[in-house]
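All remarks here apply to the structure that follows.
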Number of protein chains: 2
Amino acid sequence: MVTIKQVATHAGVSFKTVSRVVNNDPTVKKINRDKVVNSIKELGYRPNRAASITRRKKSGIIGFIADDLLKVPYTFDLIRGAQKVAWEQNKELMVLNVTEDRYSAELAAQHLMEHRVEGIIYAAMYHHEVILPEILLECPTVLANCYCQNTQYPSIVPDEVKAGETVALALLDAGYRKIAFLNLNEQIIAAQDRKQGIINAFILRGVPLENLHIESVFHGSPDKEVSNSREATARIAREFKPDAIICGQDPIAVEAYFVLQSMGIQVGRDMGIASFDDWDTIPALLQPALSTMALPHFDMGKWAMEYLLEERQDIVHEKLPFTLVKRGSY
Amino acid sequence: MVTIKQVATHAGVSFKTVSRVVNNDPTVKKINRDKVVNSIKELGYRPNRAASITRRKKSGIIGFIADDLLKVPYTFDLIRGAQKVAWEQNKELMVLNVTEDRYSAELAAQHLMEHRVEGIIYAAMYHHEVILPEILLECPTVLANCYCQNTQYPSIVPDEVKAGETVALALLDAGYRKIAFLNLNEQIIAAQDRKQGIINAFILRGVPLENLHIESVFHGSPDKEVSNSREATARIAREFKPDAIICGQDPIAVEAYFVLQSMGIQVGRDMGIASFDDWDTIPALLQPALSTMALPHFDMGKWAMEYLLEERQDIVHEKLPFTLVKRGSY
DNA sequence: AGACAAAAAGACAACGTTGTTTAAATGATT
DNA sequence: AATCATTTAAACAACGTTGTCTTTTTGTCT
């Protein structure tokens, strides 16, 4: 690899002058700058980041630990958001993917710190509590899409309560009056909070809570094909007879569509449907397309990176709003 | 940050001895090793990778350029596969996400080369041709899930022909005799090759090609909600009357399920369905669960990384087989 | 105990940069 | 033309490691 000194020799200047050109130091005369620029091009010189970091004692790298992020598609926007901000400020992102066990997160953090990252974003696949290796306290760390018992970490999570409220208000204000909510497992914080938000909406609009039916369903994953969301949808449609259903997750909505179709109930006309997530291609796959509350992943990624780059010291626990994506299903 | 010399002072040895301990040099007496290990722990010393890389002139980092990878969920297995192999060999992965325009890929490559990566994996979201910045030729580069007119790059792609053959043979051998193939846009290499594979299967089994109906459908994306796959499915079911349908992509299968259900045709009993991709949660979402040809993303990631780490010089263009995931839909 | 080989640890330079100090070139002012 | 201030470039040290060479320590054999 060609070094700064070789460029200097080639250009007939001192190697320090080359360094100045590379770093856009204005105190280089045009004639010398041109010589250097030419030599750089001719020799194909590329600065050595490792050497630069060594000397500067600043890496310009932000670490991103992705806690098994990869399984759920849209979560990836977390990385996209963080990368955008980093890029704009000439910082680099070092993404490490770890599985859920704690050991691996610690190893990842170690790696990152050996690279002298200037901060770490720890992002989770879904909004939940995490247990973090203590090593992370040694470096500015932000939690994204998760929270920790140890409240010393600033965190950014989706505003689940408000999301529940928003979607329920939207339905109520669209004239729906009897709503069923096929919630996720209520051990999940998202499920608890969204439920609360939906209840809030009913209270806000003065609609009696008898008009709201909430039920947790369990739902098929790629591994186990069991799910009771179809059964629940059918039973609720038959017995509770809602005029709208809110699904805790877009995949649940897919199953609801199947069940309702089989019962001769047409989504959008006979039954409003709304959901949470804006999961990849799913909403557009359905007819009518699914109205859903889009998770603010991109914004959370941005927020986390901005927090780090501003070198904030305050420990805050922020929430970001979902976006209601209105399509044809209600 | 604490340095190797501070550890040395603390432990009462020369800094070179600390370096030896850190690098597991066996020529350090146990008593000194213990002293050093203790001091490292006590002071919280962490080796400085940048300095190490500077001196060693070896980064141990492999670059991964993800060509807009993030939009399709399961593609992420490419990174997972690559990371697994890298991890096992004590290498690190530096992942950069780029959008499709060429400029950005060049910038990404530049960044990586400033970090003196030992190789680059350029991976695409879906199997297609890419145009690469020339700078990539300066560094060992492997293409994954894509290919390039410039055949100087080794590449690893899915074996589309064989996948078509496999799924068609599976259906034929399961007794299906009249098959429709809802193909993707035939400008896509995957569509062309899979079609060929399916035809091969019919020839292999001596089933007349009149029993095979192939048609390209266009298909809804999250942006535009148009799709003709529903119309095509209905028409074909009515007119061609196949006993099985192969879908070019799992999302198409979802739409086929809807249409067939509305026609009173039960998947798995009245009509076999198979598909390509094994797209995230989709297959398990359907009832019966969708049998599909899983793309070898993980294996491609592994292959690409292994190719780089073996420092192979031969330029090969390999194909990896899909995996038939048999569920209940045929 | 003395000689010698082997093991262990130290001294010092080097990696490719950037920060700091010093020197040279340039230009303005008298 | 001499003086001085300012701009520009060079010299040199430093960053935190590892490679190489040298010295010291240890252990074995006579």
Side-chain angles (χ1 to χ4, degrees), chain A residues 1-40 43-61 90 92 110-118, chain B residues 1-40 43-61 90 92 110-118:
Chain A
M1 271 280 131
V2 29
T3 75
I4 215 169
K5 291 188 183 175
Q6 291 170 279
V7 176
T9 309
H10 187 271
V13 296
S14 84
F15 67 94
K16 181 66 233 212
T17 300
V18 178
S19 170
R20 289 202 180 87
V21 172
V22 170
N23 291 286
N24 286 315
D25 187 321
T27 73
V28 179
K29 269 200 296 188
K30 185 159 186 317
I31 182 161
N32 280 328
R33 178 178 301 276
D34 289 349
K35 277 197 282 184
V36 169
V37 167
N38 278 335
S39 297
I40 286 179
L43 300 180
Y45 167 73
R46 247 175 258 295
N48 182 325
R49 283 296 307 277
S52 165
I53 292 169
T54 305
R55 182 64 239 252
R56 273 202 235 257
K57 304 182 110 190
K58 267 232 157 203
S59 70
I61 304 177
N90 266 304
E92 275 170 301
Q110 245 163 53
H111 268 245
L112 292 175
M113 295 178 71
E114 289 187 8
H115 280 283
R116 300 293 187 265
V117 292
E118 293 169 13
Chain B
M1 269 279 132
V2 30
T3 74
I4 215 169
K5 291 188 184 174
Q6 291 171 278
V7 175
T9 308
H10 187 273
V13 297
S14 82
F15 68 92
K16 182 69 232 207
T17 300
V18 178
S19 170
R20 289 201 178 91
V21 171
V22 170
N23 291 286
N24 285 315
D25 187 321
T27 75
V28 179
K29 266 198 302 186
K30 185 161 186 315
I31 182 161
N32 280 328
R33 177 177 301 276
D34 288 348
K35 278 196 283 185
V36 170
V37 166
N38 278 334
S39 296
I40 287 179
L43 300 180
Y45 168 74
R46 248 174 257 296
N48 183 325
R49 284 293 307 276
S52 165
I53 291 169
T54 306
R55 182 65 241 252
R56 275 202 236 256
K57 304 181 110 190
K58 268 229 155 202
S59 69
I61 304 177
N90 265 303
E92 275 170 301
Q110 245 163 52
H111 267 244
L112 292 174
M113 294 177 72
E114 289 187 6
H115 279 283
R116 300 294 188 265
V117 292
E118 292 169 14

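Chain identifiers are assigned alphabetically (A, B, ...) following the order of the sequence lines, protein sequences preceding nucleic acid strands; residue numbering begins at 1 within each chain.
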Atom-pair distance ([atom1] on [X]; [atom2] on [N]), nearest Å:
X	N	atom1	atom2	answer
B/Arg46	D/dT17	CZ	P	12 Å
B/Ile31	D/dT26	CD1	P	10 Å
B/His115	C/dG16	NE2	C1'	15 Å
B/Arg33	C/dA8	CZ	P	10 Å
B/Lys58	C/dA14	NZ	C1'	19 Å
B/Asn23	D/dT18	CG	P	4 Å
A/Ile53	C/dG19	CD1	P	13 Å

I want to verify a distance call: between [options], whose nearest atom is closest to the [X] side chain?
X	options	answer
A/Thr3	C/dG10, C/dT17, C/dT18	C/dT17
A/Ser52	C/dG16, D/dG16, C/dT18	C/dT18
B/Lys29	C/dT18, C/dA8, D/dG19	C/dA8

* Asked: How would you label the contact of A/Val13 with the nucleic acid (heavy atoms, under 4.0 Å): base, sugar-phosphate, or nothing?
  -> sugar-phosphate

* Look at all strands and tell whether B/Thr54 reaches a base, only sugar-phosphate, or nothing, counting heavy atoms closer than 4.0 Å. => base

* Asked: Between B/Ser19 and A/Arg20, which is nearer to the 5' end of DNA chain D once each is assigned its nearest nucleotide?
  -> A/Arg20

* Could you say whether A/Thr27 or A/Phe15 is positioned toward the 5' end of DNA chain D, judged by the nucleotide with the nearest heavy atom to each? => A/Thr27

State the [atom1]-[atom2] distance between [X] and [Y], to the nearest 0.5 angstrom.
X	Y	atom1	atom2	answer
B/Arg49	A/His115	CZ	NE2	4.0 Å
A/Thr27	A/Lys29	OG1	NZ	11.5 Å
B/Asn23	B/Asp25	CG	CG	8.0 Å
A/Arg20	A/Arg33	CZ	CZ	11.0 Å

* Under a 4.5 Å cut-off applied to non-hydrogen side-chain atoms, are A/Arg116 and B/Asn48 in contact? -> yes

Identify, with sequence neighbours excluded, every residue that meets side-chain contact (heavy atoms from CB on, under 4.5 Å) alongside [X].
X	value
A/Asp34	A/Lys30
B/Asn38	none
B/Lys57	none

* Quick one: is D/dA10 close enough that its OP1 or OP2 comes under 4.0 Å of any side-chain N or O from A/Thr17? -> yes

* To do: Would you tell me if any nitrogen or oxygen in the side chain of B/Ser14 comes within less than 4.0 Å of OP1 or OP2 on C/dG10?
  => yes

Identify all side-chain donor-acceptor contacts of residues 5-15 of chain A below 3.5 Å with residues at least two apart in sequence or on another chain.
{"unit_1": "A/Gln6", "atom_1": "OE1", "unit_2": "A/Thr3", "atom_2": "N", "d": "2.8"}
{"unit_1": "A/Thr9", "atom_1": "OG1", "unit_2": "A/Lys5", "atom_2": "O", "d": "2.9"}
{"unit_1": "A/His10", "atom_1": "ND1", "unit_2": "A/Ser39", "atom_2": "OG", "d": "2.8"}
{"unit_1": "A/Ser14", "atom_1": "OG", "unit_2": "A/Lys16", "atom_2": "N", "d": "3.4"}
{"unit_1": "A/Ser14", "atom_1": "OG", "unit_2": "A/Thr17", "atom_2": "N", "d": "3.4"}
{"unit_1": "A/Ser14", "atom_1": "OG", "unit_2": "A/Thr17", "atom_2": "OG1", "d": "3.4"}

* Structure fact -> Ordered by number, residues from residues 4-12 of chain A within less than 4.0 Å of DNA chain D (heavy atoms) are none

* Can you tell me if A/Glu118 uses its side chain to pair, donor with acceptor, with the backbone of A/Gly60 under 3.5 Å? -> yes

* With Watson-Crick and G-U wobble geometry limited to distances under 3.5 Å, how should the secondary structure of DNA chain C be encoded in dot-bracket form, using | for bases paired to another strand and [ ] for crossing pairs? -> ||||||||||||||||||||||||||||||

* DNA chain C: A/Ala50 or B/Val28, which has the more 5' nearest nucleotide? -> B/Val28

* Between the base of C/dG19 and the side chain of A/Lys16, is there any donor-acceptor pair under 3.5 Å? -> yes

* Has the side chain of A/Arg55 got a donor or acceptor atom sitting under 3.5 Å from an opposite partner on the base of C/dT18? -> yes

